[in-house]
Structures are given as C-alpha cells and as structure tokens.
Amino acid sequence: MNRSIDFNDLEWKQLNEFAREKTVVYGDRSVRLLELRSGFLELDWCVRGHVGYVIKGELEIQFDDRTEKFSEGDGLHIEFGEPHKALQLRQTTLLFLIDEG
C-alpha cells in the first residue's frame, strides 16, 4: 500500500527544550522529521535502528568504539541493537529518519 506523508500538515511535538519532531507510525516503524537545537545532548544510549538523511546542519553520533560525524546531505544507517547516542550540538540540525524497534 502506498502512503503519502505531508509533513506540512503535521504538528511539531516538543520532546524537550532542545528537540521536537513530526512523526507518523506504521507498525514497528516510525517516519519522522527530527529537529535538534544547539545544546541538545542525548544522555541515554539508543538501540533502535535508524535510516536517515541530514537535511540541515550536522551532528556527531557516539558508538561503543567510535564517533562519526554526519553533515548536511549525508545519509546514515544504524543497525537495530547497535548502541549509539548523539553528542552535544553546536547548531540546529534537521533530520529525516525511519526508525525500527
């Protein structure tokens, strides 16, 4: 089944003072726009899987054994079960993500 998502028709949901999202859920997957503002810091490790694209800005993601930087125009793929967390941002970053788990 094909479905169109018009993010312009969705309301922003405030997650905390530094993050907000627009989300559509399909079973165990979510499709979302995620905006992280300067000062955002993820304290807990995430193990959800993500496939996405950096629309604007940049971010660093810490893994168990490395840190990777993603910039505007970069795609990203993080396997379900791989612990990771975003490090503190210095600028506003907008991401398109498909999450599993």
Side-chain angles (χ1 to χ4, degrees):
M1 174 189 296
N2 295 327
R3 298 182 188 198
S4 175
I5 301 171
D6 186 350
F7 283 105
N8 292 318
D9 286 343
L10 299 175
E11 296 291 324
W12 284 104
K13 176 184 174 189
Q14 201 70 39
L15 302 174
N16 59 44
E17 67 180 297
F18 300 108
R20 64 183 187 159
E21 69 180 359
K22 293 182 177 189
T23 303
V24 177
V25 177
Y26 299 108
D28 67 343
R29 291 189 180 146
S30 60
V31 178
R32 62 187 174 136
L33 282 180
L34 177 62
E35 182 184 72
L36 305 173
R37 289 191 285 284
S38 177
F40 175 83
L41 178 62
E42 195 165 24
L43 300 176
D44 298 319
W45 291 95
C46 176
V47 293
R48 294 177 73 189
H50 308 285
V51 175
Y53 179 78
V54 181
I55 297 169
K56 175 185 169 189
E58 62 182 36
L59 75 153
E60 290 184 335
I61 297 180
Q62 180 181 353
F63 297 91
D64 281 339
D65 60 347
R66 70 194 183 286
T67 299
E68 291 188 31
K69 182 177 179 179
F70 298 90
S71 299
E72 190 170 310
D74 286 346
L76 60 101
H77 178 259
I78 301 171
E79 290 287 335
F80 177 82
E82 182 175 16
H84 60 279
K85 61 181 169 180
L87 300 179
Q88 189 162 356
L89 298 175
R90 297 183 231 347
Q91 61 182 294
T92 297
T93 299
L94 183 63
L95 305 164
F96 172 78
L97 293 174
I98 299 171
D99 304 317
E100 292 189 69

Would you compute the distance between atom [atom1] of [X] and atom [atom2] of [Y] and round it to the nearest 0.5 angstrom?
X	Y	atom1	atom2	answer
E68	F63	CD	CZ	5.0 Å
I61	K85	CD1	NZ	12.5 Å
L34	W12	CG	CH2	7.5 Å
R48	F80	CZ	CZ	9.0 Å
T67	L87	OG1	CG	5.5 Å
E60	Q62	CD	CD	9.5 Å

Which heavy atom of [X] sits nearest to which heavy atom of [Y], and what is that distance?
X	Y	value
V47	P83	CG1-CA, 4.1 Å
E79	H77	OE2-CE1, 2.8 Å
E42	A86	OE1-N, 2.7 Å
S71	V54	O-CB, 3.4 Å

Legend entry - Side-chain touch H84/C46, heavy atoms, less than 4.5 angstrom: yes

Inset, instruction - Only pairs at least two apart or in different chains count here, so list each salt bridge (Lys or Arg N to Asp or Glu O under 4.0 Å) that has a residue in residues 25-39. - result: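 Passing the test, one end in residues 25-39: R20-E35, E21-R32, R29-E100, R32-D99, E35-R37.
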
Quick check on the hydrophobic clustering: are [X] and [Y] connected, directly or via other members, by side-chain heavy-atom contacts under 4.5 Å?
X	Y	answer
V31	L76	no
V51	L97	no
L10	L94	yes
Y26	I98	yes
I5	L95	no

Legend entry - More than 12 heavy atoms of other groups within 6.0 Å of E11 CD: no

Legend entry - Contacts of A19 that satisfy side-chain contact (heavy atoms from CB on, under 4.5 Å) - sequence neighbours left out: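 With sequence neighbours excluded, A19 shows a side-chain contact (heavy atoms from CB on, under 4.5 Å) to L15, N16, L36, F40, given in chain and number order.
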
Inset, instruction - Look only at the side chain of S30 and the backbone of V25, and say whether a donor-acceptor pair between them is shorter than 3.5 Å. - result: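 Answer holds: no.
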
Inset, instruction - Classify the ring geometry between F7 and F96 as parallel (under 30°), tilted (30 to 60°) or perpendicular (over 60°). - result: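 Correct class here is perpendicular.
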
